[in-house]
Amino acid sequence: MTRSCALRRPPWYAPPAMADDKKTKADNLKLPTRTENFSEWYIELVKRAKLADNSDVRGSMVIRPNGYALWENVQRVLDKMFKDTGHQNAYFPVLIPESYLAKEKKHVADFAPQVAVVTHAGGKALPEGERYVIRPTSETIINRSFTNWVQSYRDLPLLINQWANVMRWEMRPRLFLRTTEFLWQEGHTCHETEADAQAETLKMLEVYKTFAQDFMAMPVLAGQKTESEKFPGADRTYSIEAMMQDKKALQAGTSHMLGQNFAKMFDTQFQGRDGQKHYVWQTSWGVSTRLIGALIMTHSDDAGLVVPPKLAPTHVVIIIIGRTPEERGPVKAKAEALAADLRKSGLSVLIDDDETKGPGFKYAEYELRGVCLRAELGPKDLEKSQCVLVRRDDRKKEFVPLADAVTKANAMLEQMQKDLYAKALALRDSNTFEVNSYDELKAKAEDGFLLAHWDGTPETEKRIKDELGLTTRNRPFELKQEPGKCVVTGNPSAGRIVFAKAY
RNA sequence: CGGGGUGUAGCGCAGUCUGGUAGCGCGUCUGCCUUGGGCGCAGAAGGUCGUCGGUUCGAAUCCGGCCACCCCGACCA
């Protein structure tokens with residue numbers, strides 16, 4: 001059928017597809033490169049590594065097992081950190097009476113465009129005033145409970161966290177980074193004094209920073225957000241900001257000092273040591289599945305996903321090599337023994353004994369999926385009592401005696417964790433600049449983090465955003481604050497702030 | 001919501017200009033073969049060509065409406 005059809009073509013006819021035939025099969029399977037098109041690389045990587053799919057609901061995504069496994073590891077580690085700092089988990093409803101949001105004027109005004117409203121239920125239109133919103137965040141409904149829970153200063157501090165989904169109607173969704181529905185945790189706490197609440201706000205920001213650096217191997221700048229970047233309803237907002245490989249900034253976590261704003265709206269009061277009624281001081285803080293996007297864009301390369309060992313669902317994959325059952329049998333036995341030993345040392349191990357795929361295919365496949373370490377084991381290795389270990393990030397082959405394999409694998413993973421951090425830090429440092437004039441700010445707009453003096457006014461901030469597409473990220477604690485002159489207006493500035501293109 | 005683009009097999013695409021009833025690569029399935037960087041050979045399955053309508057003897061192809069998705073802007077963790 002194919003043939004007769006082809007013959008019907010005029011003799012000079014050559015299907016355009018022929019042009020691509022020079023490409024090898026391997027070329028066709030490759031990802032777009034980061035330098036060619038970063039955003040296409042990202043999308044393709046997410047899909048090909050089977051992390052997530054777009055769903056038929058615009059802006060919503062399906063998180064596939066490979067992607068969800070990453071989130072589960074994020075959850076496992078953070079949940080422990082929260083509990084170690086005295087927090088408890090609870091769960092609050094996904095539907096919030098619309099009237100709750102309206103109680104906080106700034107809160108409702110800023111969230112309104114992003115909120116999905118339930119207008120019909122039980123087969124009927126809900127009357128005005130009895131409608132529900134799907135939570136975009138839970139400060140309001142949680143405060144409703146807190147009001148009942150808190151009676152006395154003895155009930156404080158109240159330290160609650162919830163793992164949940166939230167919904168914010170987004171105009172321009174992007175897998176993991178910005179989806180209409182996303183998974184997150186939101187911590188909500190009540191304190192007796194302003195100082196206590198402020199301390200909690202910074203403590204949790206520090207927890208996020210530690211998590212980002214020690215587990216995600218992602219350097220972050222912790223600091224305070226400006227007025228206009230502040231959370232609606234907070235007194236102060238803090239964030240951790242990371243630099244992706246395309247030099248754009250990504251807000252990876254936030255922590256808010258809420259003051260008494262929500263307490264006053266919901267009358268959350270306690271009887272103090274002085275016998276008088278006082279409003280509680282509150283905080284809230286959260287990180288989301290956006291972290292998975294951050295993880296990908298920080299470490300991955302043109303071959304696929306790279307995951308820091310401390311968050312990797314699979315640490316080692318053992319590839320069995322051999323032609324015949326006679327060859328494969330002993331190799332497989334040895335592989336299983338090795339896997340058992342590796343597992344005993346705390347690693348997650350996969351053995352690939354699929355005979356229908358060649359080793360080369362498997363190497364590429366596990367690189368795409370981000371398995372940290374590949375162990376190759378074949379007949380030649382058995383003769384020498386060795387195996388081949390290859391780190392995902394540098395892909396250098398090492399021949400290791402089987403007797404040392406467990407120790408070596410663990411050491412390599414530990415080194416990989418460190419190297420990933422160092423590499424990410426080097427990227428950030430070499431793309432962070434002090435700029436001292438508007439022209440320089442403009443010239444370097446695409447170049448990374450720009451430390452500039454700013455007069456502190458929302459007007460100037462907006463002008464820079466409108467004209468250059470740069471937003472303030474935060475005022476990092478680690479950045480020494482010395483007075484200077486605003487690069488736009490020349491007015492006095494208390495210190496430099498980070499400007500960058502942002503996700 | 002504005003500007004641009006794309007809808008054809010599971011995925012990536014050609015075919016549309018010039019109408020004649022659908023093809024390529026990858027993947028999948030079967031058999032043989034192969035295994036240290038995406039093996040090879042042979043065979044097979046798989047598509048109401050986004051959707052609705054119009055023109056025509058005849059529409060993936062021409063005309064009109066609608067829908068969806070992607071990219072760029074406004075919003076954002």
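Every heavy atom of this structure was used, including side-chain atoms; hydrogens, water molecules and symmetry mates were not. Each chain gets a letter, A, B and so on, in the order its sequence line appears, and its residues count up from 1.
- Closest contact between the side chain of E355(A) and the listed nucleotides G36(B), U35(B), G37(B) involves U35(B).
- A77(B) and C17(B) are spaced 48 Å apart, taking the C1' atom of each and rounding to whole Å.
- For D246(A), there are no salt bridge (Lys or Arg N to Asp or Glu O under 4.0 Å) partners, not counting sequence neighbours.
- Between the P atom of G38(B) and the CG atom of L31(A) lies a distance of 17 Å, rounded to the nearest Å.
- As rounded to the nearest Å, G54(B) and A14(B) have C1' atoms that lie 28 Å from one another.
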Would you tabulate the pairs of protein nitrogen or oxygen atoms and nucleotide nitrogen or oxygen atoms of nucleotides 7-12 of chain B closer than 3.5 angstrom?
none

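- Residue F82(A) qualifies as enclosed at atom CZ: its count of foreign heavy atoms under 6.0 Å is above 12.
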Original post:
What does nucleotides 72-77 of chain B look like as a protein-contact string, B for base, S for sugar-phosphate only, - for none, at under 4.0 angstrom between heavy atoms?
Top reply: SBBBBB

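- There is no side-chain donor-acceptor pair under 3.5 Å between D302(A) and T33(A).
- Protein atom CZ of F38(A) is 15 Å distant from nucleotide atom P of C71(B), rounded to whole Å.
- A salt bridge is absent between R463(A) and E461(A); no separation between the charged side-chain nitrogens and carboxylate oxygens falls under 4.0 Å.
- On the P atoms, U28(B) is 15 Å away from C11(B), given to the nearest whole Å.
- Under the salt bridge (charged side-chain N to carboxylate O under 4.0 Å, His left out) rule, D419(A) has a single partner from K396(A), R391(A), R392(A), which is R391(A).
- Listed nucleotides: C70(B), U28(B), G38(B). Nearest to the side chain of K357(A): U28(B).
- K362(A) comes within 4.0 angstrom of no nucleic acid atom, judged by non-hydrogen atoms across all strands.
- There is a side-chain donor-acceptor pair under 3.5 Å between R236(A) and Q198(A).
- Residue V166(A) is classed as having no contact, given no heavy-atom separation below 4.0 Å to the nucleic acid.
- Using a cut-off of 4.0 Å between Lys/Arg side-chain N and Asp/Glu carboxylate O, E446(A) and K248(A) are scored as not salt-bridged.
- Under the Watson-Crick or G-U wobble criterion, with both distances below 3.5 Å, U28(B) is paired with A44(B).
- For the C1' atom pair drawn from G15(B) and G7(B), the interatomic distance equals 15 Å after rounding to whole Å.
- Across the C1' atoms, G47(B) and G12(B) are found 15 Å apart, a figure rounded to whole Å.
- Rounded to whole Å, atom P of C71(B) lies 16 Å from atom CH2 of W41(A).
- Side-chain N/O atoms of D447(A) and N431(A) include no donor and acceptor closer than 3.5 Å.
- One interatomic measurement links the two molecules: CD1 of I321(A) to P of G36(B), which rounds to 7 Å at whole-angstrom precision.
- G19(B) and C26(B): their C1' atoms are spaced 31 Å apart (whole Å).
- Side-chain contact of Q282(A) with N143(A): a donor-acceptor pair under 3.5 Å is present, judged by distance alone.
- Following rounding to the nearest Å, R374(A) (CZ) and G38(B) (C1') show an atom-to-atom distance of 12 Å.
- As judged by a 4.0 angstrom heavy-atom cut-off over every strand, E365(A) is placed among the base-contacting residues.
- Side-chain atoms of S284(A) and H188(A) form no donor-acceptor pair, as typed in the model, at a separation below 3.5 Å.
- Distance F361(A) CZ to U34(B) C1': 15 Å, rounded to the nearest Å.
- Counting non-hydrogen atoms under 4.0 angstrom, G286(A) reaches nothing in the nucleic acid.
- Rounded to a whole angstrom, the distance from the P atom of G27(B) to that of A42(B) is 15 Å.
- When the P atom is compared between U8(B) and C13(B), the two are found 9 Å apart, to the nearest whole Å.
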